[in-house]
Amino acid sequence: MIILGIETTCDETAASIIKAEKGKIDILSNIVSSQIELHAKWGGVVPNLAAREHLKNIIPVLKEALEKSKKTPGQIDLISVANGPGLIPALLIGVNAAKTLSYIWEKPLIGVHHIEGHIYANFINEIRSIPNPQLPVSKKLLIKFPVLCLVVSGGHTQLVLIKKHLDYQIIGETLDDAAGEAFDKVARILGLSYPGGPAVAAYASAWTSDVRKGHVMSIDLPRPMINSKDFNFSFSGLKTAVLYETKKHPEFLKNKNYISGICHEFQQSVCDVLISKTIKAAAEYRPKTIMLAGGVSANRELRNQLGTTIEKKLGKTLYRIPEIKYCADNAAMIAAAGFYRWKKIGNRKKLHDNWKTLSADANLKL
Ligand code: KG4
Ligand code: ZN
């Protein structure tokens with residue numbers, strides 16, 4: 001079947017056409033119009049500005065997605081839209097576009113949770129030999145339930161136990177800032193560009209090479225809640241620790257090696273806590289697969305270190321990560337999640353009437 005996905009929960013206007021058959025998902029087009037430059041000067045996403053940009057971009061993005069996929073509206077079998085959580089002014093644009101198309105084209109419509117989309121990014125191009133190249137490409141690599149998914153994005157940090165498709169149990173989450181939010185705030189403290197994740201990661205990797213040249217600086221940041229008995233997280237104190245560290249030596253902020261040292265230590269602290277809690281949760285819940293999801297899953301250190309630790313400590317557990325291009329917000333993941341929702345629905349005829357009732361929900365629960 002052919003599915004149109006639409007995503008406007010935050011600052012990316014995205015549309016994608018996918019072909020989903022027997023659990024195999026092919027991406028026919030995946031268009032993302034990013035508003036990063038617009039929001040960068042404010043240091044974060046401004047909801048009303050985001051909505052204006054979505055309004056400007058939604059039709060061109062939809063048009064491009066259709067053209068690239070070489071599909072016509074008549075060939076579309078389902079429309080899947082992220083209807084929350086997110087910024088209401090932004091969400092309304094995508095949801096309204098999806099409802100309008102559903103009504104005019106007379107197509108079924110499904111609402112998808114944004115984080116569910118991130119989780120299902122792992123099901124795109126599922127049969128691959130990475131991240132464990134030793135294993136032959138075979139069914140052995142297919143995601144097996146129960147799955148433990150570490151969700152790390154700008155708005156969420158959660159450990160989600162998924163016993164079967166679409167069945168989510170949140171077993172741990174952040175008590176304050178999300179991991180991506182911490183990256184963004186630390187970048188701001190250090191005067192780096194927005195969004196902070198890629199900037200902090202780039203500085204962190206530069207530090208490694210400086211160490212080899214012998215310029216070592218000792219910066220020790222805490223590992224918040226690493227020894228707590230639950231599976232929750234806290235990153236707000238870590239960000240404050242970075243702030244205090246910079247206040248000790250404000251003159252060092254002009255020193256690139258110092259910035260790199262802080263970024264390296266901060267990133268390692270986040271990785272240590274995320275990995276430690278994931279392994280602890282896996283020891284208790286014994287998943288067959290561990291997955292990463294959300295914008296921070298693009299972080300190479302997190303991807304690699306989690307993979308290495310799983311291999312060392314949990315031998316047979318499969319480890320799955322989304323391809324880098326599907327880590328950040330996109331609509332292919334929304335279409336993919338829509339496919340699995342559609343498969344589960346008994347009375348699909350009802351989906352034709354969803355344009356009347358589907359609403360946007362800023363606080364939609366997984
Ligand atoms: O999932 P996402 O694209 O949007 C939300 O749903 O929030 O995640 C965005 C977050 C931002 O906080 C961004 O700084 C972070 O993901 N991020 C990264 C990296 N790339 C994006 N964090 C760490 N390392 C990265 N390479
Ligand atoms: Zn996201």
Side-chain angles (χ1 to χ4, degrees), residues 5-14 16 30 32-36 39-40 43-45 47 50 81-87 90-91 94 112-122 149-158 160 173-174 177-190 192-206 235-236 238-239 263-275 291-306 321-334 336-337 362-364 366:
I6 300 176
E7 154 68 41
T8 64
T9 59
C10 191
D11 59 345
E12 326 280 353
T13 317
S16 167
N30 184 29
V32 181
S33 168
S34 174
Q35 306 174 6
I36 282 178
H39 300 289
V45 180
V81 63
N83 66 323
L87 308 167
L91 279 166
V112 161
H113 191 287
H114 177 74
I115 293 301
E116 180 167 72
H118 277 301
I119 291 170
Y120 275 86
N122 282 283
C149 186
L150 173 63
V151 175
V152 271
S153 74
H156 292 75
T157 299
Q158 295 175 325
V160 185
E173 61 191 329
T174 183
D177 291 353
E181 193 180 354
F183 268 94
D184 295 338
K185 287 179 174 169
V186 163
R188 214 163 154 177
I189 293 169
L190 299 175
L192 307 183
S193 58
Y194 170 86
V200 169
Y203 267 87
S205 62
F235 293 108
S236 151
L238 179 59
K239 163 205 71 193
C263 289
H264 182 270
E265 172 66 3
F266 165 76
Q267 180 177 263
Q268 195 53 52
S269 166
V270 174
C271 286
D272 286 350
V273 176
L274 291 174
I275 293 168
M291 299 190 325
L292 260 183
V296 185
S297 67
N299 187 282
R300 294 205 181 265
E301 284 304 318
L302 180 61
R303 292 163 83 87
N304 294 341
Q305 292 184 28
L306 181 57
I321 45 180
E323 282 181 67
I324 292 277
K325 61 181 166 191
Y326 302 121
C327 288
D329 291 351
N330 66 85
M333 67 186 196
I334 302 300
N363 301 309
L364 191 64
L366 191 65

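Ligands are counted one by one from 1 in listed order, and the atoms in each one are counted from 1 as well.
Between Ser153 and Val296, every side-chain heavy-atom pair lies at or beyond the 4.5 Å cut-off. Residues Tyr326 and Asn30 meet the side-chain proximity criterion, which asks for heavy atoms closer than 4.5 Å.
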Stepwise, does the side-chain contact (heavy atoms from CB on, under 4.5 Å) test hold for Phe235 with Phe183? CA-CA 9 Å; Phe235 293 108; Phe183 268 94; over 6 Å; no
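In this structure, CG in Leu292 is found 9.5 Å from CG in Asn299, a value given to the nearest 0.5 Å. The line from CD1 of Ile119 to NE2 of His114 is 10.5 Å long, rounded to the nearest 0.5 Å.
Side chains of His113 and Asn83: a donor-acceptor N/O pair is absent below 3.5 angstrom, by distance only. Side-chain atoms of Glu173 and His156 form no donor-acceptor pair, as typed in the model, at a separation below 3.5 Å. A side-chain donor-acceptor contact under 3.5 Å links Thr9 and Glu7.
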Between ligand 1 and the protein, find all N/O pairs closer than 3.5 Å and give the distance for each.
unit_1	atom_1	unit_2	atom_2	d
ligand 1	1 (O)	His118	NE2	2.9
ligand 1	1 (O)	Gly295	N	2.9
ligand 1	1 (O)	Asp329	OD1	3.2
ligand 1	3 (O)	Asp329	N	3.4
ligand 1	3 (O)	Asp329	OD1	3.2
ligand 1	4 (O)	Asp329	OD1	3.3
ligand 1	4 (O)	Asp329	OD2	3.3
ligand 1	6 (O)	His114	NE2	3.0
ligand 1	7 (O)	Gly154	N	2.8
ligand 1	7 (O)	Gly155	N	3.4
ligand 1	8 (O)	Gly154	N	3.4
ligand 1	12 (O)	Gly180	O	3.1
ligand 1	12 (O)	Asp184	OD1	3.4
ligand 1	12 (O)	Asp184	OD2	2.8
ligand 1	14 (O)	Asp184	OD1	2.7
ligand 1	14 (O)	Gly197	N	2.9
ligand 1	24 (N)	Asn299	ND2	3.0

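Protein nitrogen, oxygen and sulfur atoms, that is N, O or S, within less than 2.8 Å of the Zn ion (ligand 2) amount to 3.
Looking at Glu181, its side chain does come within 3.5 Å of a backbone N or O of Ala178 through a donor-acceptor pair.
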